Amino acid sequence: MTITLPRIALGTWPSSRAQRGGLARQRHHGVAALARTMLALACGVAALLAPPAGAADDVARAERLFADHCAVCHGVDRGGYIAPALNRDTTRLTASQVGARVIAGSATTLMPPHPTYDGTLSGRDRDRIARLVTTQPKSDPRWTIDDVRASLTVLVADESKLPARPSYPIADIADLMTVMVRGRHAAGDAARVVFVDGRTHETVGEVRTGWAPHLMDYHPRDPRWAYVRDDMGWVHKIDLHSLQTVRKVRVGLNGASLAVSRDGRFVAAGSYVPHTLVILDAATLEPLKLLPLRGKGADGKPVESDAGMLLATPFADVFVVALEQAGEVWIVDLGKPDFPVTAIPGVGRHLHDGFLSPDGRLAIVASYDDDVVAVVDLADKRLVQRILAGCQPHVGSGAVVVSQGRTLGIATNIGSRACTPHEVTVFDMKSLEVVKRIPVIGPTESPAAHPDAPYVVVDIVGTGPNADKIQFIDKNTLEVVRTVTVPGSFGHSHFPEYTARGSHIYVSSRSGGDRSLGRDDGRVAIYDARTLELVREIPLEVPAGVFSHLRSRAVVVGVKPGAEKR
């Protein structure tokens, strides 16, 4: 008998990976979630506590269920990813509570309730999952370069037959805006990349990814190619003329980081599960090198590390990767055989995201546990500065602006641990001194800027009442001049992105997992970049990151190429 099973993404309980992932931010609506959970407990406790039949078989089946339906959010190793860890050493919920969460969902997270799933999940299978995460330890799956090579899938064998220009109406492919759409279950047909003309705001096409897409990088020299990383470790090579995936390869089991080298020859992808960095041939996606991410932790002992910031730079033929737990930044030399690594130790504790200076020489890396942004000189290969940057800096993909003759970096603060005040740190990109700390109404995650637009945009994230708002900072006065509530019931409004011409701002707005109270699935809200008036909304099911094709021509968002010479 064949049973159709839903895609499951269990609710969001606190964990470090959930905090730094940024895609499972909670909203305040605990009363409804509590009511649904209590109802589920009353209805399901008997089935959940029933003695297991065939314990070994149950564990094996539960592992398969988890891998197929939960791992995209909670990690293949059950160690957490964009949602919390689910294993006996970290999960504080009982099996009954876990089962109830599957039934009820969570109104403040991306976790949808069981009744909204397209298929059905039997009480026995729900029980198996609940027992797995409460009785079994975190696993340690491997994914070797041979596994990577074996996963390579060619979907278009002869790329020479692809159209020579976009097959959809668009005046200039540089105007393309790309939205990562997770879908309610982070899997299936709803998980896709949606393409929008940034001048007309008309949707021109989409590419289904099968699993929730996380981010995109564009080819720096050939505008027809883009690369998408999804949350189950696949890298998709997409033809932007025909809007289709031509090849894909699984570089790891979970992971988000991705970069294309300055000459367009190589793609790098870092993983959380397992702890590796894989370098691919950009044209064929053939794996060329797998680097285990191992360094020394703060106590000096060897530690495996998640792949945090991953950048390519026009300054040199290198990839730059931050080892989150090891506190090291690696410079991977692409110009030498076997891609040798130079490790820069002691950069910070819990490194995460980062961006480049406009000339590409400096890497600015957020250090969560030190409350600093660390500055690494890629020419001298050393740490040159640690800038105090408020509570738990999260700089996103970065923003740099020119203001009153100075080139300034913008550091936002995700503040997922208890801390105040909430502020945006502005620092001089040459002297590396703090220029101003700008008060904002909540923790911030992803700054946006454009050389031809007057404002820096910051999104307000977290669980507070302002998580559906964005704030606008005047580039000249460095003051917050406007706060806008983005439409979307009980929503999260995040990942602002300017269009290529700087005329409009796209913002993802999404609701939590519980749809029982009539909340919508989400939308992209589009604002005039000067009047700040809402001009259009595009309904989408759980939108996330937004990426302008402008990124293929910019070293860092916010300044024109060549704006700063060191």
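Residue numbers count from 1 along this sequence. What you see is a predicted model; the values in this text were computed from it and never measured.
With respect to the salt-bridge test (charged N to carboxylate O, under 4.0 angstrom), the residues Glu541 and Arg523 do not qualify.
Nearest approach of Val251 to Thr276, heavy atoms of both residues: O-OG1, 4.3 Å. For the pair Val273 and Val76, the tightest heavy-atom approach, listed with the atom from each and the gap, is CG1-CB, 4.3 Å. In terms of heavy-atom proximity, Gly205 sits nearest to Leu243 at CA-CD1, 3.7 Å. Residue Ala312 comes nearest to Ser261 through the heavy atom pair CB-CA, 3.8 Å, listed as atom of the first residue, atom of the second, then distance. Ala186 and Cys73 make their closest contact through CB-SG, 4.1 Å (heavy atoms, listed as atom of the first residue, atom of the second, distance).
Aromatic ring orientation, Tyr527 versus Phe472: perpendicular (interplanar angle above 60°, classes split at 30° and 60°). Relative ring orientation between His352 and His350 is described as perpendicular, the plane-to-plane angle rising above 60° on a 0-90° scale split at 30° and 60°. Aromatic ring orientation, His549 versus Tyr218: tilted (interplanar angle from 30° to 60°). Between His201 and Tyr506, the two ring planes are tilted [angle within 30° to 60°].
Atom CD1 of Ile170 and atom OH of Tyr168 lie 5.0 Å apart (nearest 0.5 Å).
Side-chain contact of Glu324 with Tyr272: a donor-acceptor pair under 3.5 Å is present, judged by distance alone.
A donor-acceptor pair is defined here as one N or O able to donate and one able to accept, closer than 3.5 Å; no such pair exists between the side chain of Thr245 and the backbone of His236.
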